Q: 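Structure incoming, see below.
Computed from a predicted model, the values in this text were never measured in an experiment. Chain naming here is simple, since letters A, B, ... match the order of the sequence lines and numbering starts at 1 in each.
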Amino acid sequence: MSDSQNNSVAFVATEVIPQSPPPARETGVVKWLRENLFSSVTNGVLTVVALYLIYLVLAATLPWIFNGIWTTSSLSECREVLQGKTGACFSVLTERWHQLIYGFKYPADAYWRPNLAFVLMLVAIAPVLFFDLPRKLLLFTAVYPFIAFWLIWGGTILAPLVVFVGFVAAAVVFQKFGRSSFAVGFFGGIAVALVVWTVGGALIPDGASDNALLPAVPSRDLGGFMLNLMLGVTCVSLSIPLGIALALGRQSDMPLIKGICVVFIEFIRGVPLITLLFVASVMLAYFFPPESTVDLFLRVVIMITMFSAAYIAEVIRGGLAALPKGQYEAADSLGLDYPQAMRLIILPQALKISIPGIVNVAVGLFKDTTLVSVISMFDLVGMIRGPILASTEWNGVYWELFGFAALLFFVVCYGISQYSQWLERKLHKGH
Amino acid sequence: MSELMSDRAIDRSKMQVSDQVAIQISNMNKWYGSFHVLRDINLTVNEGERIVIAGPSGSGKSTLIRCINRLEEHQSGDIVVDGTELTSDLKNIDKIRSEVGMCFQHFNLFPHLTILENCTLAPIWVRKTPKKEAEEIAMHFLEKVKIPDQALKYPGQLSGGQQQRVAIARSLCMKPRIMLFDEPTSALDPEMIKEVLDTMIELAEEGMTMLCVTHEMGFARQVANRVIFMDQGQIVEQNEPEEFFNNPKSDRTKLFLSQILGH
Ligand SMILES: Nc1ncnc2c1ncn2[C@@H]1O[C@H](COP(=O)(O)OP(=O)(O)OP(=O)(O)O)[C@@H](O)[C@H]1O
Ligand SMILES: [Mg+2]
């Protein structure tokens, strides 16, 4: 074979032909299209149909959006400017912006208060959502609800202060006695808080809110997207701990506690939220003493919280059931007591499994806050259906308003869902 | 089995049985519903004893050692561990559990915590050891089981043998006086069995009181001072390993030994 190099044969190439680029239909865009969109006749047809549908949607909406009018003060004026061309009347959004966000009764000179509360909320939930942040920030998270309450409702600062002191007293009692006996600490804490609230409430003078630093705003003056956000944030943050408690209660060995939890969960899950809201708006008043004017906002918060807590409890129960028995046994064999085992071993894992389900409930809950418009609260949807669409200026601007409402909710819900996916990736520990 | 025996000589200088009683079980019975799992168990374990419990599947070996730290509740008879009687009193149960370490067949490490956190968790929360000190103790025992360099990994990133050694270290961090092992090597590949057995041998050499449910008869011969044979919820026979293996008394023991050794 060695001489074949010298005596070259005519039909044997002596040089390697350099690689030529693949033909155009095998490269880049064309190749990608062929492989992904037109790999067979059926796929090709489907691709064409899909493209046509996308074209139809865009052809209808893009001119409508880009011709949109932002500066007129009524629908008729807007139609005049458009002169029969397609185009949206976004000016309803700019003109009624404050009503959409704050409702139509919240005092205009106090808009800075909910705004500030919103910014502070971002600070307060940051350490809850991102555990890499310094744990000290949680102190601010703990006082935030009272600050927010004072900012939004105004009135005497003594009211949130008394509530806060009640919680602190309960926490101190629990710290002190909860170690030796959980029940003593727990019920002692509740008792002390109730005492502080009654005594403190009686001590607040009658006219305390009259000349307060921040003028008082009654709950019925809250409205707009602010009301949806307030209901959403309050109810989600209350229903997660309540849901955990219900899920643990349902697993409990104590028949009474177990029974109460099962009945509660099954009852609430079997009832439509809207009926609970009607109960909140009319009937709940009967359960409270007649002279106590339990606020409609509070009643609605109680109902939505109970509703979503029941669902969250079931989601978490699934997470608890998915944990191998060995985890409980290992925790027991090391001498951890029940609260420690739950807090350090069981719940962190069960909650991690439950994240997608909990987020699902949270997103649903947030959207369900629009149902309060049915019991004549003026949330974003209530504002649109009521004062705005009923006004002579804007009667008939459906697409722009409901599109805007949908967009706002979408942005928040999409954000929640992105966060949960990030959290799941972050908590993944190679198993 | 015997090829898995440790090849190194065993230092018996500290393997001494004292006359202090560590565990006293008398007339203990347990039922699952109407099924009588443990029948009239009487067993006294002195400090420093290394006991291997053998027996066919379903004979109640796991149930017996799980009764000792109350992972299972017995219905009649007494169990006294280190002078504390096991009743439904939670204080006693917690006290006994912090004195008795346990290793499981499936390791049961906490997957959401690092190896180091697995080891420091119980000392910090049960013994109230300061975090720094707990970490030093944990590193000490991780070195002992020869995996200090894995301390910051998560259990899911370790091999089975490594995980079981971490589980042993995690128990040791509580400085237990008694260790219970429930088939610690049954879920492992042969090469990993040896590393876990070596760790257990070292523990025995330091004088730890151990109760091991295991099918490793080589380990039983080398390390145990007593082998207990259980069948159908009863202790059928117990003896020193030499006598037990060479001179089994009951027919059931003979049958079991011929099955497990006679391949
Ligand atoms: N939770 C339970 N409920 C009812 N029966 C049980 C339960 N746990 C175990 N048993 C039964 O009790 C008997 C003893 O079980 P145990 O786990 O103690 O056996 P073992 O000797 O450890 O067996 P193996 O070698 O297979 O681990 C078995 O017949 C088993 O089916
Ligand atoms: Mg077993």
Side-chain angles (χ1 to χ4, degrees), chain A residues 131-132 135 175-186 244 252-255 257 316 319-356 358 423-431, chain B residues 62 65-66 68-73 88 90-115 117-128 153-158 163 166-167 170-176 178-182 187:
Chain A
F131 343 107
D132 293 343
R135 298 290 80 195
Q175 273 286 320
K176 209 157 171 62
F177 299 102
R179 258 173 220 281
S180 44
S181 156
F182 183 80
V184 172
F186 186 73
I244 293 175
S252 162
D253 295 331
M254 284 175 272
I257 293 188
I316 293 176
L320 288 171
L323 279 197
K325 213 167 132 245
Q327 292 291 308
Y328 293 85
E329 292 177 350
D332 283 347
S333 75
L334 287 169
L336 297 171
D337 59 24
Y338 177 81
Q340 288 171 340
M342 285 300 139
R343 190 159 63 83
L344 301 167
I345 309 298
I346 305 303
L347 282 177
Q349 297 183 62
L351 289 179
K352 187 189 137 191
I353 304 174
S354 321
I355 291 173
I358 293 178
L423 186 62
E424 272 177 67
R425 279 197 302 276
K426 188 168 164 68
L427 291 180
H428 187 76
K429 299 278 164 63
H431 56 85
Chain B
S62 302
I65 68 165
R66 288 156 61 87
I68 295 173
N69 65 353
R70 237 325 143 110
L71 289 183
E72 302 289 352
E73 191 179 335
S88 52
L90 290 176
K91 285 229 167 58
N92 285 358
I93 296 177
D94 283 342
K95 178 159 181 287
I96 287 173
R97 282 177 177 166
S98 64
E99 303 283 326
V100 178
M102 179 150 192
C103 283
F104 301 87
Q105 182 175 3
H106 296 288
F107 333 134
N108 298 354
L109 293 177
F110 305 131
H112 62 302
L113 301 176
T114 62
I115 300 305
E117 287 165 344
N118 264 278
C119 294
T120 56
L121 185 92
I124 290 175
W125 290 95
V126 180
R127 292 242 190 273
K128 315 285 179 214
K153 288 195 183 165
Y154 286 91
Q157 299 166 314
L158 268 55
Q163 290 193 43
V166 171
R170 177 176 74 178
S171 298
L172 293 179
C173 285
M174 286 294 280
K175 307 257 171 81
I178 301 164
M179 282 290 292
L180 309 174
F181 292 87
D182 190 358

Q: List the atom of A:I345, the atom of B:L113, and the distance in Å for their closest heavy-atom pair.
A: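 Here A:I345 and B:L113 meet closest at CD1-CD1, 4.5 Å.
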Q: State whether the number of non-hydrogen atoms from other residues, nucleotides or ligands found under 6.0 Å of B:K91 atom NZ is greater than 12.
A: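 No.
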Q: Testing B:L71, B:I93, B:N69, B:D94 for side-chain contact (heavy atoms from CB on, under 4.5 Å) with A:D332, which one passes?
A: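 Testing each of B:L71, B:I93, B:N69, B:D94 against A:D332, the sole residue satisfying side-chain contact (heavy atoms from CB on, under 4.5 Å) is B:L71.
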Q: Check whether more than 12 heavy atoms from other residues, nucleotides or ligands sit under 6.0 Å from atom CZ of A:F186, and answer yes or no.
A: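 No.
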Q: What closest approach, in Å, do B:F110 and A:A330 show between heavy atoms, and which atom pair accounts for it?
A: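 Scanning both residues completely, I find the closest heavy atoms to be CE2-CB, 3.8 Å.
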Q: When you measure from the side chain of B:H112 to the backbone of A:L427, do you find a donor-acceptor pair of N or O atoms at a distance under 3.5 Å?
A: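 Side chain of B:H112 to backbone of A:L427, a donor-acceptor pair under 3.5 Å: no, none is there.
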Q: If I take atom OH from residue B:Y154 and atom NE2 from residue A:H428, how far apart are they, to the nearest 0.5 angstrom?
A: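 With rounding to 0.5 Å, OH (B:Y154) is 11.5 Å from NE2 (A:H428).
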Q: Against chain B, label A:Q340 side chain, backbone, both or neither, depending on which of its atoms sit under 4.5 Å from a heavy atom there.
A: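 The answer is the side chain of A:Q340.
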Q: Where on B:L90 is there a heavy atom nearer than 4.5 Å to chain A: the side chain, the backbone, both, or neither?
A: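 Contact with chain A: none, neither part.
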Q: Between the main-chain N or O of A:G326 and the side-chain N or O of B:N108, is there a donor-acceptor pair closer than 3.5 Å?
A: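 The answer is yes, because a donor-acceptor pair under 3.5 Å joins these two groups.
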Q: If you measure from OG on A:S333 to CZ on B:R170, what distance do you get to the nearest 0.5 Å?
A: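 Going from the OG atom of A:S333 to the CZ atom of B:R170 covers 6.5 Å.
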Q: Say you draw a straight line from OG of B:S98 to CG of A:L334; how long is it, rounded to the nearest 0.5 Å?
A: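 If we round to the nearest 0.5 Å, B:S98:OG and A:L334:CG are 10.0 Å apart.
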